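This report concerns only the one structure given below.
On a predicted model such as this, the values are computed, not experimentally measured, just so you know. Order of appearance sets the numbers: ligands from 1, and atoms from 1 within every ligand. The basis for the numbers below is simple: all heavy atoms, side chains too, and nothing from hydrogens, waters or symmetry mates.
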Amino acid sequence: MVIQRKTVQFRGIQIPYLYEDVYYPQEDTLFLLDVIERHFASFYQNTETLSILEMGCGTGLISAFLAKKYHMAKFMLVDISLHALKVAETVWELNSLNRHSVSFIKSDLFSALKPYKKNFDVIIFNPPYVPEEKQMVSQDILTISWSGGSKGLSVISAFLTEASFYLKKNGEILLLTAQFSEKDTFPQLASQLGYEFHLIAEEKIVNERLKVWRLRRKFLINRKRR
Ligand SMILES: C[S@@+](CC[C@H](N)C(=O)[O-])C[C@H]1O[C@@H](n2cnc3c(N)ncnc32)[C@H](O)[C@@H]1O
(Lines give C-alpha, C1' and ligand atoms only; values in the text may rest on other atoms or scores of the structure.)
Protein backbone atom coordinates (compact mmCIF):
# COMPACT_ATOMS: atom_id res chain seq x y z
CA MET A 1 0.00 0.00 0.00
CA VAL A 2 1.30 3.48 -0.89
CA ILE A 3 1.38 5.81 2.09
CA GLN A 4 1.24 9.57 2.16
CA ARG A 5 4.65 10.90 1.23
CA LYS A 6 6.72 12.34 4.03
CA THR A 7 10.47 12.59 4.32
CA VAL A 8 12.69 12.00 7.35
CA GLN A 9 16.41 12.69 7.62
CA PHE A 10 18.86 10.10 8.97
CA ARG A 11 22.57 11.01 9.23
CA GLY A 12 22.06 13.77 6.66
CA ILE A 13 20.23 11.57 4.13
CA GLN A 14 16.60 12.30 3.21
CA ILE A 15 14.46 9.14 3.30
CA PRO A 16 10.94 9.32 1.84
CA TYR A 17 8.21 7.13 3.35
CA LEU A 18 6.55 5.69 0.25
CA TYR A 19 5.31 2.19 1.19
CA GLU A 20 4.26 0.52 4.42
CA ASP A 21 5.99 -2.75 3.67
CA VAL A 22 9.56 -1.42 3.46
CA TYR A 23 12.06 -1.75 6.34
CA TYR A 24 12.77 1.90 7.22
CA PRO A 25 15.95 2.71 9.19
CA GLN A 26 15.90 1.36 12.75
CA GLU A 27 18.47 1.12 15.56
CA ASP A 28 20.23 -1.79 13.84
CA THR A 29 20.54 0.20 10.58
CA LEU A 30 22.04 3.19 12.40
CA PHE A 31 24.38 1.02 14.47
CA LEU A 32 25.68 -0.71 11.31
CA LEU A 33 25.98 2.64 9.53
CA ASP A 34 28.11 4.10 12.34
CA VAL A 35 30.37 1.03 12.40
CA ILE A 36 30.75 1.13 8.62
CA GLU A 37 31.55 4.84 8.65
CA ARG A 38 34.42 4.20 11.12
CA HIS A 39 35.59 1.09 9.27
CA PHE A 40 35.74 2.91 5.93
CA ALA A 41 37.57 5.85 7.49
CA SER A 42 40.24 3.40 8.75
CA PHE A 43 40.60 1.22 5.66
CA TYR A 44 39.60 3.17 2.52
CA GLN A 45 40.54 6.46 0.87
CA ASN A 46 37.64 8.46 -0.53
CA THR A 47 39.47 8.58 -3.86
CA GLU A 48 39.37 4.77 -4.27
CA THR A 49 37.33 3.20 -7.08
CA LEU A 50 35.57 0.75 -4.79
CA SER A 51 32.92 -1.65 -5.92
CA ILE A 52 30.30 -2.06 -3.17
CA LEU A 53 27.33 -4.41 -2.98
CA GLU A 54 24.62 -3.74 -0.42
CA MET A 55 22.50 -6.86 -0.06
CA GLY A 56 18.99 -6.28 1.34
CA CYS A 57 19.41 -2.55 0.87
CA GLY A 58 15.97 -1.56 2.18
CA THR A 59 15.83 2.22 1.79
CA GLY A 60 19.49 2.24 0.72
CA LEU A 61 20.46 4.61 3.57
CA ILE A 62 23.85 2.96 4.21
CA SER A 63 24.94 3.09 0.55
CA ALA A 64 23.58 6.62 0.09
CA PHE A 65 25.57 7.75 3.12
CA LEU A 66 28.76 6.19 1.71
CA ALA A 67 28.08 7.57 -1.79
CA LYS A 68 28.16 11.11 -0.41
CA LYS A 69 31.75 10.64 0.74
CA TYR A 70 33.20 7.98 -1.57
CA HIS A 71 32.57 9.73 -4.91
CA MET A 72 34.55 7.23 -6.97
CA ALA A 73 32.77 4.16 -5.58
CA LYS A 74 30.26 2.12 -7.61
CA PHE A 75 27.26 0.71 -5.78
CA MET A 76 24.96 -2.21 -6.48
CA LEU A 77 21.83 -2.15 -4.32
CA VAL A 78 19.94 -5.44 -4.14
CA ASP A 79 16.68 -6.36 -2.45
CA ILE A 80 13.98 -8.98 -2.80
CA SER A 81 11.38 -6.22 -2.38
CA LEU A 82 10.49 -4.03 -5.37
CA HIS A 83 9.07 -1.43 -3.01
CA ALA A 84 12.40 -1.24 -1.15
CA LEU A 85 14.22 -0.71 -4.45
CA LYS A 86 11.75 2.01 -5.44
CA VAL A 87 12.42 3.82 -2.16
CA ALA A 88 16.20 3.37 -2.58
CA GLU A 89 16.04 4.84 -6.11
CA THR A 90 14.06 7.80 -4.80
CA VAL A 91 16.62 8.27 -2.01
CA TRP A 92 19.38 8.46 -4.64
CA GLU A 93 17.45 11.14 -6.58
CA LEU A 94 16.31 13.14 -3.54
CA ASN A 95 19.85 13.36 -2.22
CA SER A 96 21.29 14.31 -5.63
CA LEU A 97 23.63 11.32 -5.72
CA ASN A 98 25.36 10.29 -8.93
CA ARG A 99 22.89 8.15 -10.91
CA HIS A 100 25.78 6.63 -12.90
CA SER A 101 27.40 5.25 -9.76
CA VAL A 102 24.56 2.91 -8.84
CA SER A 103 22.45 0.01 -10.06
CA PHE A 104 19.31 -1.34 -8.40
CA ILE A 105 18.61 -5.05 -8.77
CA LYS A 106 15.69 -7.16 -7.58
CA SER A 107 17.11 -10.48 -6.48
CA ASP A 108 16.63 -13.23 -3.94
CA LEU A 109 20.14 -13.04 -2.46
CA PHE A 110 22.58 -13.79 -5.33
CA SER A 111 20.11 -15.47 -7.71
CA ALA A 112 20.15 -12.57 -10.24
CA LEU A 113 23.81 -11.66 -9.67
CA LYS A 114 25.62 -14.54 -11.39
CA PRO A 115 27.47 -12.24 -13.86
CA TYR A 116 29.04 -10.33 -10.95
CA LYS A 117 31.24 -13.04 -9.43
CA LYS A 118 34.62 -11.74 -8.10
CA ASN A 119 33.29 -8.22 -8.58
CA PHE A 120 33.09 -6.57 -5.16
CA ASP A 121 35.56 -5.02 -2.74
CA VAL A 122 32.95 -4.81 -0.01
CA ILE A 123 29.63 -6.58 0.54
CA ILE A 124 27.38 -5.09 3.22
CA PHE A 125 24.34 -6.86 4.70
CA ASN A 126 21.93 -6.05 7.50
CA PRO A 127 19.98 -9.28 7.09
CA PRO A 128 16.67 -10.50 8.46
CA TYR A 129 17.86 -12.01 11.76
CA VAL A 130 14.92 -12.32 14.16
CA PRO A 131 14.43 -16.01 15.14
CA GLU A 132 11.08 -17.42 14.07
CA GLU A 133 10.08 -20.79 15.45
CA LYS A 134 6.97 -21.36 13.34
CA GLN A 135 7.64 -22.47 9.80
CA MET A 136 5.57 -20.09 7.67
CA VAL A 137 4.31 -21.36 4.35
CA SER A 138 3.92 -17.93 2.79
CA GLN A 139 5.40 -14.76 4.18
CA ASP A 140 4.47 -11.19 3.39
CA ILE A 141 7.30 -8.96 2.22
CA LEU A 142 7.51 -7.05 5.52
CA THR A 143 7.95 -10.31 7.49
CA ILE A 144 10.67 -11.31 5.02
CA SER A 145 12.53 -8.11 5.89
CA TRP A 146 13.11 -9.18 9.54
CA SER A 147 12.46 -12.92 9.88
CA GLY A 148 15.66 -14.94 10.01
CA GLY A 149 13.85 -18.29 10.21
CA SER A 150 14.82 -20.97 12.72
CA LYS A 151 17.51 -19.61 15.13
CA GLY A 152 17.60 -16.41 13.03
CA LEU A 153 20.41 -17.76 10.85
CA SER A 154 18.57 -19.10 7.76
CA VAL A 155 19.05 -16.08 5.49
CA ILE A 156 22.54 -15.39 6.89
CA SER A 157 23.59 -18.97 6.18
CA ALA A 158 22.23 -18.88 2.60
CA PHE A 159 23.92 -15.51 2.07
CA LEU A 160 27.34 -16.64 3.35
CA THR A 161 27.21 -19.86 1.33
CA GLU A 162 27.45 -17.75 -1.84
CA ALA A 163 28.85 -14.37 -0.84
CA SER A 164 32.55 -15.26 -0.97
CA PHE A 165 32.30 -16.06 -4.72
CA TYR A 166 31.30 -12.44 -5.36
CA LEU A 167 34.28 -10.89 -3.56
CA LYS A 168 37.43 -9.69 -5.26
CA LYS A 169 40.61 -11.37 -4.06
CA ASN A 170 41.04 -9.16 -1.00
CA GLY A 171 37.39 -8.27 -0.63
CA GLU A 172 35.48 -8.30 2.62
CA ILE A 173 31.98 -8.72 3.98
CA LEU A 174 30.55 -6.45 6.68
CA LEU A 175 27.64 -8.30 8.24
CA LEU A 176 25.32 -7.52 11.13
CA THR A 177 24.05 -10.36 13.32
CA ALA A 178 22.04 -10.48 16.53
CA GLN A 179 22.55 -12.74 19.52
CA PHE A 180 19.32 -13.52 21.36
CA SER A 181 20.40 -16.47 23.50
CA GLU A 182 23.34 -17.01 25.83
CA LYS A 183 25.51 -18.74 23.28
CA ASP A 184 26.26 -17.09 19.94
CA THR A 185 26.06 -19.76 17.23
CA PHE A 186 27.24 -17.44 14.44
CA PRO A 187 31.02 -18.05 14.79
CA GLN A 188 30.52 -21.79 14.33
CA LEU A 189 28.46 -21.20 11.17
CA ALA A 190 30.97 -18.73 9.71
CA SER A 191 33.82 -21.12 10.40
CA GLN A 192 31.99 -24.09 8.86
CA LEU A 193 31.36 -22.03 5.72
CA GLY A 194 35.09 -21.33 5.31
CA TYR A 195 35.39 -17.75 6.52
CA GLU A 196 37.96 -16.00 8.63
CA PHE A 197 36.07 -13.47 10.74
CA HIS A 198 36.53 -10.77 13.35
CA LEU A 199 34.00 -9.07 15.55
CA ILE A 200 34.46 -5.35 14.90
CA ALA A 201 31.66 -3.89 17.07
CA GLU A 202 28.86 -4.92 19.37
CA GLU A 203 26.07 -3.15 21.20
CA LYS A 204 23.07 -4.17 23.30
CA ILE A 205 19.84 -2.67 22.04
CA VAL A 206 16.80 -3.66 24.17
CA ASN A 207 16.90 -7.50 24.20
CA GLU A 208 19.17 -7.86 21.17
CA ARG A 209 22.95 -8.02 21.26
CA LEU A 210 23.89 -6.64 17.86
CA LYS A 211 27.26 -7.49 16.36
CA VAL A 212 29.09 -6.41 13.24
CA TRP A 213 31.52 -8.90 11.72
CA ARG A 214 34.22 -8.52 9.11
CA LEU A 215 34.53 -11.72 7.10
CA ARG A 216 36.94 -12.87 4.44
CA ARG A 217 37.37 -16.18 2.68
CA LYS A 218 39.71 -18.30 4.81
CA PHE A 219 41.68 -20.02 2.05
CA LEU A 220 42.60 -16.69 0.43
CA ILE A 221 44.07 -15.44 3.68
CA ASN A 222 46.01 -18.71 4.19
CA ARG A 223 47.31 -18.56 0.64
CA LYS A 224 48.52 -14.99 1.19
CA ARG A 225 50.46 -15.99 4.30
CA ARG A 226 52.49 -18.67 2.53
C1 LIG B 1 16.69 -5.91 8.23
S2 LIG B 1 16.23 -5.25 6.67
C3 LIG B 1 17.59 -4.13 6.39
C4 LIG B 1 17.24 -3.03 5.42
C5 LIG B 1 18.34 -1.95 5.29
N6 LIG B 1 19.57 -2.49 4.75
C7 LIG B 1 18.61 -1.33 6.63
O8 LIG B 1 19.68 -1.60 7.20
O9 LIG B 1 17.74 -0.60 7.10
C10 LIG B 1 16.59 -6.62 5.59
C11 LIG B 1 16.37 -6.31 4.11
O12 LIG B 1 16.72 -7.50 3.38
C13 LIG B 1 15.76 -7.74 2.38
N14 LIG B 1 15.75 -9.18 2.12
C15 LIG B 1 15.21 -10.17 2.89
N16 LIG B 1 15.41 -11.37 2.33
C17 LIG B 1 16.10 -11.14 1.19
C18 LIG B 1 16.61 -11.98 0.16
N19 LIG B 1 16.44 -13.31 0.22
N20 LIG B 1 17.26 -11.42 -0.88
C21 LIG B 1 17.44 -10.07 -0.94
N22 LIG B 1 16.98 -9.22 -0.01
C23 LIG B 1 16.32 -9.73 1.06
C24 LIG B 1 14.45 -7.21 2.95
O25 LIG B 1 13.49 -6.91 1.95
C26 LIG B 1 14.94 -5.98 3.73
O27 LIG B 1 14.91 -4.82 2.93
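For ligand 1, none of its N or O atoms has an N or O atom of V155 under 3.5 Å away. The distance criterion of under 3.5 Å between nitrogen or oxygen atoms is not met by T59 with respect to ligand 1. The shortest N/O to N/O separation between S81 and ligand 1 does not fall below 3.5 Å. By the 3.5 Å distance cut-off applied to N or O atoms, Y24 is not counted among the residues near ligand 1. For D108, a nitrogen or oxygen atom sits less than 3.5 Å from a nitrogen or oxygen atom of ligand 1, counting backbone and side chain alike. Residue contacts with ligand 1: P128 is placed with no nitrogen or oxygen under 3.5 Å of a nitrogen or oxygen of the ligand (distance criterion only). For ligand 1, the polar-atom distance check against A84 finds no nitrogen or oxygen pair separated by under 3.5 Å.
When hydrogens are left out, the protein atom nearest atom 20 (N) of ligand 1 is L109 N, 2.8 Å; that is the closest non-hydrogen contact. Here the heavy atom of the protein found nearest to atom 22 (N) of ligand 1 is I80 N, 3.2 Å. Annotation: atom 9 (O) of ligand 1 to nearest protein heavy atom, T29 OG1, 2.8 Å. Summary of contacts: the protein heavy atom closest to atom 1 (C) of ligand 1 is S145 O, 3.2 Å. Among protein heavy atoms, atom 27 (O) of ligand 1 sits closest to D79 OD2, 2.7 Å. In terms of protein heavy atoms, atom 16 (N) of ligand 1 is closest to I144 CG2, 3.6 Å. Looking at atom 8 (O) of ligand 1, its nearest protein heavy atom turns out to be N126 ND2, 2.9 Å.
Cluster annotation: M72 and V102 are assigned to distinct hydrophobic clusters (Ile/Leu/Val/Met/Phe/Trp/Tyr, side-chain heavy-atom contacts under 4.5 Å, transitive).
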Practice problem: Please report the C-alpha distance between K114 and E162 in whole Å, then the side-chain angles of each, then the deciding distance to 0.1 Å, and finally whether the salt bridge (charged side-chain N to carboxylate O under 4.0 Å, His left out) criterion is met. | Solution: CA-CA 10 Å; K114 302 294 178 221; E162 289 199 80; 3.0 Å; yes

Self-check item: Worked check of ring-ring contact (aromatic ring centres under 6.0 Å, His included) between Y70 and Y44
Solution: CA-CA 9 Å; Y70 296 85; Y44 300 111; 7.3 Å; no

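Heavy-atom proximity to C57, at under 4.0 Å, picks out these atoms of ligand 1: 5 (C), 6 (N). Set against the non-hydrogen atoms of E54, the atoms of ligand 1 under 4.0 Å away are 6 (N). If you number the atoms of ligand 1 from 1 as listed, the ones under 4.0 Å from a heavy atom of P127 come out as 1 (C). Set against the non-hydrogen atoms of S107, the atoms of ligand 1 under 4.0 Å away are 20 (N), 21 (C). Which parts of ligand 1 touch G56 is read off a 4.0 Å heavy-atom cut-off, strictly below it: atoms 3 (C), 4 (C), 5 (C), 6 (N), 11 (C), 12 (O), 13 (C), 22 (N).
Not less than 6.0 angstrom separates the ring centroid of Y195 from the ring centroid of W213.
Once rounded to the nearest 0.5 Å, the distance linking CG of D108 with OG of S81 reads 12.0 Å. The distance from the CG atom of L153 to the CD atom of Q188 is 10.0 Å, given to the nearest 0.5 Å.
Salt bridge status for R99 with E89: present, with a side-chain N to carboxylate O gap under 4.0 Å. A salt bridge does not link D184 to R209: none of the charged side-chain nitrogens sits closer than 4.0 Å to a carboxylate oxygen.
The side chain to side chain donor-acceptor pair (under 3.5 Å) test with E172 singles out one residue from R217, H198, R214, and that residue is R214.
Nearest heavy-atom pair across D79 and G58 is OD2-N, 2.9 Å.
Ring geometry for F104 versus W92: interplanar angle over 60°, hence perpendicular rather than tilted (30 to 60°).
The side chain to side chain donor-acceptor pair (under 3.5 Å) test applied to D121 returns K168, not counting sequence neighbours.
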